[in-house]
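To find a chain, count down the sequence lines: A is the first, B the second, and so on, and within it residues start at 1.
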Protein chains: 2
Amino acid sequence: MTQPTGAGTDRPATLADIAAATGVAVSTVSRALSNPSRVNRETRERIERVAADLDYVANGHARALTSGRTGAIAVLIADVTNPFYFGVLRGAQQQSRAAGYTQILVDTDESGELEDQVLKRLRRSYDGALLAASRLSDRRLAALAQEIPLVALNRQTAGVPSVFIDSPSGVEQALEHLVSLGHRRIAYASGPRTSFSNAGRWRAMRRAGARLGVEPILVGPFSSRQSAGAAAAEAVLNADVTACIAFNDLLAIGMLTRLRERGVDVPGDLSIVGCDDIFGADFCNPPLTTLTAPVEQAGRTAVAMLLARLEESRLPVANSTLPTHLTVRASTGPVPDHRSDR
Amino acid sequence: MTQPTGAGTDRPATLADIAAATGVAVSTVSRALSNPSRVNRETRERIERVAADLDYVANGHARALTSGRTGAIAVLIADVTNPFYFGVLRGAQQQSRAAGYTQILVDTDESGELEDQVLKRLRRSYDGALLAASRLSDRRLAALAQEIPLVALNRQTAGVPSVFIDSPSGVEQALEHLVSLGHRRIAYASGPRTSFSNAGRWRAMRRAGARLGVEPILVGPFSSRQSAGAAAAEAVLNADVTACIAFNDLLAIGMLTRLRERGVDVPGDLSIVGCDDIFGADFCNPPLTTLTAPVEQAGRTAVAMLLARLEESRLPVANSTLPTHLTVRASTGPVPDHRSDR
DNA sequence: ATGAAAGCGCTAACAG
DNA sequence: CTGTTAGCGCTTTCAT
């Protein structure tokens, strides 16, 4: 009753099994399955039929060993619990699945060292890597990009293909929004010093401030966790401002909570703008005015670029920029009356 | 200037390179590196030194090909954008990294078929799998568990090792909480029909209801997405109840939003209880009373169990149950006065 | 268009 | 304790 292999057996079918069952050589089977055009139609069809009968699934390791290709892409994120990555992961997943690639997920725990190490240690386990929020230095990143096909998200480093969500432009827009509401004393609650995005946002804020005739006030840095919001709120309160743009929504939401506890009315006493429009920004209290980032698209685009590089290894270094837009909700409002004349 | 291999060369070092440089056989090098105890100390140390010099990193594919072990575990989740999985992923990541395992993440998009397919197609790419919220039928799941080392999360199926977050007990507690606040007409906003957890929660609710002398009212089913909250809210409003336990926080939060739009005061007119205590449950408006699930621990425990099975393949099927607890926030309150006499 | 043969880098008997 | 010898399953020349 038991067949020699395949369906109904414990041992998975191999090329050799198919070859035996078909009466052709393994090399022919190999070709038929991975390079169909180079095999006679009849034989190919016969082979395909037998392969299906035997529930044949190629052994990825054996394949990788000889061909070097793994069919996997590595996705490195700094912190799985940061909702910002949800969309990125989902977009990346969609795109890679569609192309038949598997995803290896690594949480690098905000550590550049770990990032580097993982990239090396797993080198032969993936074909290319997507670095979402790399903590690597520009030098290191550029060096790695020479050896490994990779695409960085929100990182602009010479020689490194990237997808950049243009939050700096968004920050300018946000500042305009606040100024048009009458705010003049505006703070920026800074994110972690190691964050590339943070630097860009603050720079944009100064630039826009200069243009609009307001001088933004820097507070922080704070870690980009919700829990850091308490400290950020206190610091902002202390800075005697009427509005604040926060490094990201996580921080902004944390601030909202603290401000509420302290009896500070948002936006009555203080307006708050977040960044990213993560899960939760729409239902926090008050709903957050924020910069909406096309994260899912970013994930898709990044993987698409990566796959393109894998096909065509000597592609020019591409840099794609995705626009953000300001989503006004309820955390921003006109400057308090008694302050408008400052 | 160029060395034959290793540091500074393009081609990564192999066991053979180390063997050549050390003057021992490859098999000895292999042993020294993966079974240190079975090699003479001096030789081992020499080998280790050379390996380090050469930046040796084992080729996982070659290893997998012969040994069958991949050093990877697959984590299947139904939807990456569901915050419930954050903690699970993080816990799983911690535990697997600590043991030197890599994580392959797959979003099965709520599809049992895809789940099955992925598990098969990638079979040789992982050593074991963690199914967080499997959509597989009991039969199918049990069958797979025979062939593949796996641990299921929130699934209780004979013969399948599992980690179960005991939300049913929590639901009983939640119902007691509501009853003690004077509620008598209480709805359960049901999750998707295919969800195992949903069935358990509803069952628990009926059981507790019988004990407490109230008959819960079933509304739904609804998908477990925030957007389904609108429909759920309407249905609950229509059911003429004073309180509602929702399948999960995502649904509950969606309901909150809709109720606010409709001018229904929570908890003044209607009390809402969620389930899971996901990201956002603490800062939504009003903050949600919910069942706090130890998700991160669940992830850790599940991976720990899985790894234990991998070491010791004939371990008895273990089932670990993790308790939940009721976290009372601001979405539940006393029954409205004019209804208390019903 | 197909076959034969040589590995990819590693592990796992089996000898010594 | 160490070396020798086979492969694991597949891809890839090189012939035919």
Select from Asn35(A) and Ser27(B) the residue whose nearest nucleotide in DNA chain D is closer to the 5' end of that strand.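 Looking at the nearest nucleotide for each, Ser27(B) comes out on the 5' side.
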
Where each residue is assigned the nucleotide of DNA chain D containing its nearest heavy atom, which of Leu15(A) and Ser37(B) is assigned the position nearer the 5′ end?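 This one resolves to Ser37(B).
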
Look at the side-chain N and O atoms of [X] and state whether any lies under 4.0 Å from the OP1 or OP2 oxygen of [N].
X	N	answer
Thr43(A)	dT2(C)	yes
Arg63(B)	dT11(C)	yes
Arg69(A)	dT12(D)	yes
Asn40(B)	dT2(D)	yes
Ser67(A)	dT11(D)	no
Thr66(B)	dA12(C)	no
Ser30(B)	dC10(C)	no

Which listed nucleotide (dC10(D), dG3(D), dT2(C)) is nearest to the side chain of Tyr56(A)?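 Looking only at side-chain atoms, Tyr56(A) lies closest to dC10(D).
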
Ala62(B) has a side chain; which of dG3(C), dT11(D), dG9(C) sits nearest to it?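 Given the options dG3(C), dT11(D), dG9(C), the side chain of Ala62(B) is closest to dG9(C).
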
Find the distance [X]:[atom1] to [N]:[atom2] and express it as a whole number of Å.
X	N	atom1	atom2	value
Arg38(A)	dT11(D)	CZ	C1'	10 Å
Glu42(B)	dT2(D)	CD	C1'	14 Å
Ile47(A)	dG3(C)	CD1	C1'	12 Å
His61(A)	dT11(C)	NE2	C1'	14 Å
Asn59(A)	dC10(C)	CG	P	16 Å
Leu65(B)	dT11(C)	CG	C1'	10 Å
Arg41(A)	dT2(C)	CZ	C1'	18 Å

Are the side chains of Leu131(A) and Glu115(A) in touch, meaning some heavy atoms are under 4.5 Å apart?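 Yes, their side chains come closer than 4.5 Å.
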
Is there a side-chain contact between Val160(A) and Leu150(A) (heavy atoms, below 4.5 Å)?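 Yes, close enough: below the 4.5 Å cut-off.
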
Can you find a donor-acceptor pair, distance only, under 3.5 Å between Arg31(B) side chain and dG3(D) base?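 Donor-acceptor pair under 3.5 Å: yes.
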
With a distance cut-off below 6.0 Å to the six-membered ring centre and an angular limit of 45° from the axis, does Arg123(A) pair with Tyr126(A) as a cation-pi contact?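 Judged by the rule (NZ or CZ under 6.0 Å from the ring centre, within 45° of its axis), Arg123(A) counts as positioned above Tyr126(A).
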
What is the nucleic acid contact for Ala64(B), judged by heavy atoms within less than 4.0 Å: base, sugar-phosphate only, or nothing?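 Nothing: the residue Ala64(B), judged by heavy atoms under 4.0 Å, touches no strand.
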
Asn40(B) pairs by side chain to side chain contact (heavy atoms under 4.5 Å, CB included) with which of Glu42(B), Arg38(B), Arg44(B)?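 Result: among Glu42(B), Arg38(B), Arg44(B), Glu42(B) is the only option passing the side chain to side chain contact (heavy atoms under 4.5 Å, CB included) with Asn40(B).
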
Using only heavy-atom distances, determine whether the side chains of Ser111(B) and Asp109(B) contain a donor-acceptor pair under 3.5 Å.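 Their side chains do not contain a donor-acceptor pair, so the 3.5 Å distance test is not met.
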
